[in-house]
Every structure is written in C-alpha cells, then in structure tokens.
2 protein chains.
Amino acid sequence: MSSSQTVKRGTSSAGGNSVLHRRRKFVTAATELFSNNGFHETTVKEIAEKAGASPGLIYNYVRDKEELLLLAIMEVLESYKKEIPRAVRDNNDPILRFSAALTAYIKVVADKPKATLLAYRYTAILPSEMRNKIKEMEVETNQIISDCIAACITAGYFRKINVEFISYRVVLLAHGWALKSWRLGKLHGVEEYIDGNLDLFLTALFTSKGRHHYRKFCKA
Amino acid sequence: MSSSQTVKRGTSSAGGNSVLHRRRKFVTAATELFSNNGFHETTVKEIAEKAGASPGLIYNYVRDKEELLLLAIMEVLESYKKEIPRAVRDNNDPILRFSAALTAYIKVVADKPKATLLAYRYTAILPSEMRNKIKEMEVETNQIISDCIAACITAGYFRKINVEFISYRVVLLAHGWALKSWRLGKLHGVEEYIDGNLDLFLTALFTSKGRHHYRKFCKA
DNA sequence: TTTTAAAATGAATGATTGTTCATTTAATTT
DNA sequence: AAATTAAATGAACAATCATTCATTTTAAAA
C-alpha cells in the first residue's frame with residue numbers, strides 16, 4: 001500500500017532510517033525541479049543528477065515519477081500542518097490565535113511560494129487515491145483556522161458568520177501570496193500583505209465587543 | 001509575428017473570416033480537452049478528432065500545440081474583459097458599480113471554472129513572450145476593478161486603503177471560486193459565495209458615509 | 001471542361017523519455 | 001578471505017506523440 005516493493009524500511013541494525021533519508025534526497029531534488037521547471041518538463045534523469053545518483057536507483061525508493069510528485073506535494077502540506085499549530089499554540093486570546101494562524105499561514109507560503117504552487121498545478125494529474133490524500137491534509141489544516149474563528153465567535157468577538165466560509169477565505173488569501181508573486185510580481189512585501197489583510201478581516205468580522213477587546217493589544 | 005505562415009486571413013471574396021472560424025473550432029476543442037484532461041495529457045490527435053478534422057490540418061491554423069494553449073487561455077481572459085465592463089456600465093453609483101464588478105467577475109469565473117484554471121496551471125510553461133501577453137490582459141481587467149474602488153474612495157464611501165491591494169483581493173476571490181470548486185468541492189452555491197464576500201468587503205471598506213449611503217439601495 | 005489553387009488527409013518520422021534489468025560496486029556476514 | 005546480500009549503475013527498450021509532407025480531395029478560376 002505504501003510505496004516501494006523492493007526496499008523495506010528499517011532493515012537490520014539500530015535506528016535504520018537511512019532508506020527514508022535517501023528517499024528524501026530524491027524528493028527534495030524533485031520538489032525543486034518540479035517547482036522551477038514543471039513536472040512534465042523535468043526528466044527523471046535530471047532528478048537523479050540533482051540527487052547525485054543514477055536514474056535507475058530512483059525506482060528502488062519510489063514506484064513512479066508520479067509518486068515523487070505526490071511526495072513533493074505532501075512534504076509542502078506537511079510543513080503547513082506543522083508550522084501553523086505551532087504559531088497558534090503560543091497565544092491564548094482567541095483573536096490573537098486567529099491573527100497568529102493567518103500570519104503563520106501566509107509566512108509559510110511565502111517561505112516557499114513555488115512549492116505551494118505545486119499542489120495547485122499538479123494535484124489534478126494524480127490518481128484519485130493520491131488526490132484524496134492531499135485533499136484530506138488540506139482539510140485538516142483548514143480545521144485549525146476554523147477552530148480559531150469559532151472560538152472568536154463564541155467569545156463574542158466576531159459576529160456570527162459561516163465559519164467554513166471565512167476559513168476558506170483565509171486559506172485562499174495565504175495561497176494568494178504564492179499565486180500573486182508568480183503572476184503579478186511583487187506589489188508589496190509580505191509584511192504589508194499580512195497586515196493589510198489582517199486589518200481587512202478584523203474590520204469585517206469584529207463585533208463592537210471584539211473591536212474593543214482588540215484595542216488593548218494594539219496599545220501594548 | 002501572429003500565428004501561421006501558410007494561411008492568410010481574409011482571402012478573396014467578402015467578409016472572409018472563415019479561416020478564423022475554423023481556427024476557433026480547434027481552439028474550443030483544445031480548451032475543453034486541456035481543461036478536463038490537462039495540456040500534456042491531451043494529444044493533438046484528440047484535438048483534431050474533437051474538432052472533426054485531421055491532426056495535420058491543425059498546423060495550417062496554428063504553429064504549435066503551445067499556441068493552441070495560448071489561444072485557449074486568451075479566449076477565457078477575453079471573456080473576462082468583455083463581461084465585466086458590460087456589467088459595470090449598467091450602474092451609476094460607485095458602490096453599485098463595485099458590487100456589479102465583483103459579482104460579474106465571480107459569475108464569469110463560475111460559468112467556466114475549469115477554463116479559468118487553465119491560466120493558473122499552464123501560463124508558466126509558455127514562452128515569456130506569450131506569458132507577457134497574458135499578464136497584460138490580466139492587468140487590464142484588474143484596472144476595471146481598481147477604477148471602481150478608486151471612485152468609491154473619492155466619493156468618500158470607502159476608507160482610504162491601497163487600491164491595488166483591494167483590487168487584487170477581489171480578483172483572487174473570483175478566481176477562488178474556480179480554485180475552490182476544484183479542490184474542495186461545493187460548500188455553498190455561487191450566490192451565497194457572492195453575497196457573503198460582498199458583505200465582507202463592504203463591511204471592511206465602508207466609511208460611515210458609505211454605510212449610510214448603501215442603506216438606501218438595500219431597502220429598495 | 002480544363003487548369004490552378006486551396007484545403008485536408010493520415011501514415012511515416014524523429015525525438016523524447018519513463019522504466020527495466022543485466023551487470024558492477026560496496027557493504028555485511030560467516 | 002570467501003560468500004552473500006544490498007545498493008547502485010546506465011545502456012537498452014518500448015511506447016508515446018508532436019510534427020511533417022507526399023498525396024488526395026475539394027473548390028475556384030479560366
């Protein structure tokens with residue numbers, strides 16, 4: 001079910017994760033090449049070259065060129081799933097948690113915009129089984145944002161709007177940074193992008209109680 | 001510079017745009033196939049088949065498979081550039097013009113979501129000369145939105161925010177419908193999507209004068 | 001009708017490239 | 001050291017397809 005028949009993970013001796021390490025080497029090489037030149041435009045030979053190995057060896061660690069794509073996309077999504085909760089955790093106030101989530105999401109996208117676009121460009125070409133895995137991960141990340149928003153609503157800081165709706169808007173916004181920088185070039189820096197959008201969101205969502213509550217943090 | 005060496009447009013007789021018509025046939029066939037199955041996954045043979053012709057003939061009307069892609073993308077963008085101003089024109093009040101622009105944009109995207117994604121997926125693989133053409137068209141469409149926003153600001157209805165910034169957010173939002181429906185499936189209908197987002201935008205942007213002014217239209 | 005030109009065909013071409021596998025190299029074990 | 005297993009190589013294979021072009025069909029002109 002997982003990936004490759006010929007290689008068993010964790011053979012012999014102690015820790016024995018070297019197999020996964022070598023696989024990661026191919027995946028990162030692939031990620032870079034796919035991001036810069038596109039999936040179809042990248043040959044397996046090039047990936048091997050960049051990873052410092054021969055083309056044939058790749059097939060010991062991966063079934064397909066396609067699996068390499070799946071792993072590349074998943075690596076990106078996993079970094080989302082790791083970074084965002086980390087940022088949220090550091091805050092207690094619902095509004096600050098929301099802000100942190102939004103900020104973290106945009107920042108992690110801004111950190112590797114091209115890799116982010118991989119998911120947009122190439123999820124479609126994967127078989128549905130793989131597509132579902134990706135979709136699943138996205139939904140999980142969305143959930144984090146949704147929870148923040150819901151908390152703000154129950155605290156009476158945000159007015160009662162559809163949570164999923166706003167959640168998706170936040171996600172789109174974050175991805176928007178990657179989409180934008182590729183298509184329109186830079187109009188402004190990430191910081192401005194974050195601040196501007198956060199301002200827009202809060203203004204649109206605050207109740208008067210929320211607005212009041214938030215003032216405290218601005219002064220500090 | 002334009003497209004094909006072997007065919008001159010507007011030969012002989014009267015109107016004589018039949019050449020362009022036959023070319024369009026290939027382009028629409030290509031658009032559909034590229035949208036559904038992807039560019040690389042579509043063969044020239046398939047395009048010819050769908051257009052009811054032979055593969056070889058395509059090359060009388062188009063230099064490349066790539067040019068077919070360019071034309072497919074441009075056809076979509078041109079429909080944007082046509083529909084949105086049409087909707088804006090019917091309104092006089094700045095706020096209504098803005099609303100109309102946003103609504104029209106989302107609707108035209110919702111009308112052919114897959115085609116919209118073509119630009120996202122495949123602009124990157126086109127040679128820079130073609131890419132620039134596409135970018136140019138996008139900027140033109142953006143300009144329409146920007147003008148609406150600027151008008152709202154000078155009328156004192158919107159607070160003074162960066163116009164380009166908001167403009168891009170509107171565009172992203174519209175595209176977001178296509179991106180979403182592909183990735184997350186339908187959470188809600190287009191109408192809800194439009195209303196919800198319009199509400200969010202207006203709440204975030206209104207001055208008190210603007211809010212006041214807008215109430216009139218809501219009652220009517 | 002005869003001639004000439006345009007439109008259309010589709011089999012053949014040529015180049016590309018993912019994948020395999022017989023073979024070599026390196027590491028482990030006995 | 002010898003034997004055995006794992007890791008790695010890279011040339012060869014097979015399939016795919018964009019593109020071409022000699023040929024046929026259709027239309028227009030003389």
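These values consider heavy atoms only, across backbone and side chains, with no hydrogens, waters or symmetry-generated copies. Order of the sequence lines fixes the chain letters, A, B, ..., with proteins taken first and strands second; residue numbering starts at 1 for each chain.
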Item to complete: Tell me which nucleotide among C:dG18, C:dA8, D:dT19 gets nearest to the side chain of B:Pro55.
Response: D:dT19
Worksheet item: Should B:Lys107 and B:Trp177 count as side-chain neighbours, where that means a heavy-atom distance under 4.5 Å?
Response: no
Item to complete: Considering non-hydrogen atoms only, spot the tightest contact between A:Thr31 and A:Glu75 and give its length.
Response: OG1-OE1, 3.9 Å
Practice prompt. Could you tell me whether the phosphate oxygens of D:dA8, OP1 or OP2, come under 4.0 Å of any side-chain nitrogen or oxygen in A:Tyr59?
Written response: no
Practice prompt. Return the nearest nucleotide to the side chain of A:Ala53; candidates are D:dT19, C:dT19, D:dT9.
Written response: D:dT9
Worksheet item: Below 4.0 angstrom from OP1 or OP2 of C:dT19, is there any side-chain N or O of A:Arg63?
Response: no
Item to complete: Specify whether A:Phe39 and A:Tyr122 have parallel, tilted or perpendicular ring planes, treating 30° as the upper limit for parallel and 60° as the lower limit for perpendicular.
Response: tilted
Discussion item. Atom CZ of residue position A:Arg24 - does it have more than 12 heavy atoms of other residues, nucleotides or ligands inside 6.0 Å?
Written reply: no
Worksheet item: What residue pairs, at least two apart or across chains, pass ring pair (Phe, Tyr, Trp, His ring centres under 6.0 Å) with a residue in residues 68-96 of chain B?
Response: B:Tyr80-B:Tyr105
Worksheet item: Considering only C:dA8, C:dT19, D:dA7, which nucleotide approaches the side chain of A:Asp64 most closely?
Response: C:dT19
Worksheet item: Among residues 40-48 of chain B, which contact DNA chain D at a heavy-atom distance under 4.0 Å?
Response: B:Thr42, B:Thr43, B:Val44
Worksheet item: Between the two end axes of the helix from C:dT1-D:dA30 to C:dT30-D:dA1, each built from 5 base pairs, what angle do you get to the nearest 10°?
Response: 0°
Practice prompt. Decide, yes or no, whether a salt bridge links A:Arg86 with A:Glu83 under the criterion of side-chain N to carboxylate O below 4.0 Å.
Written response: yes
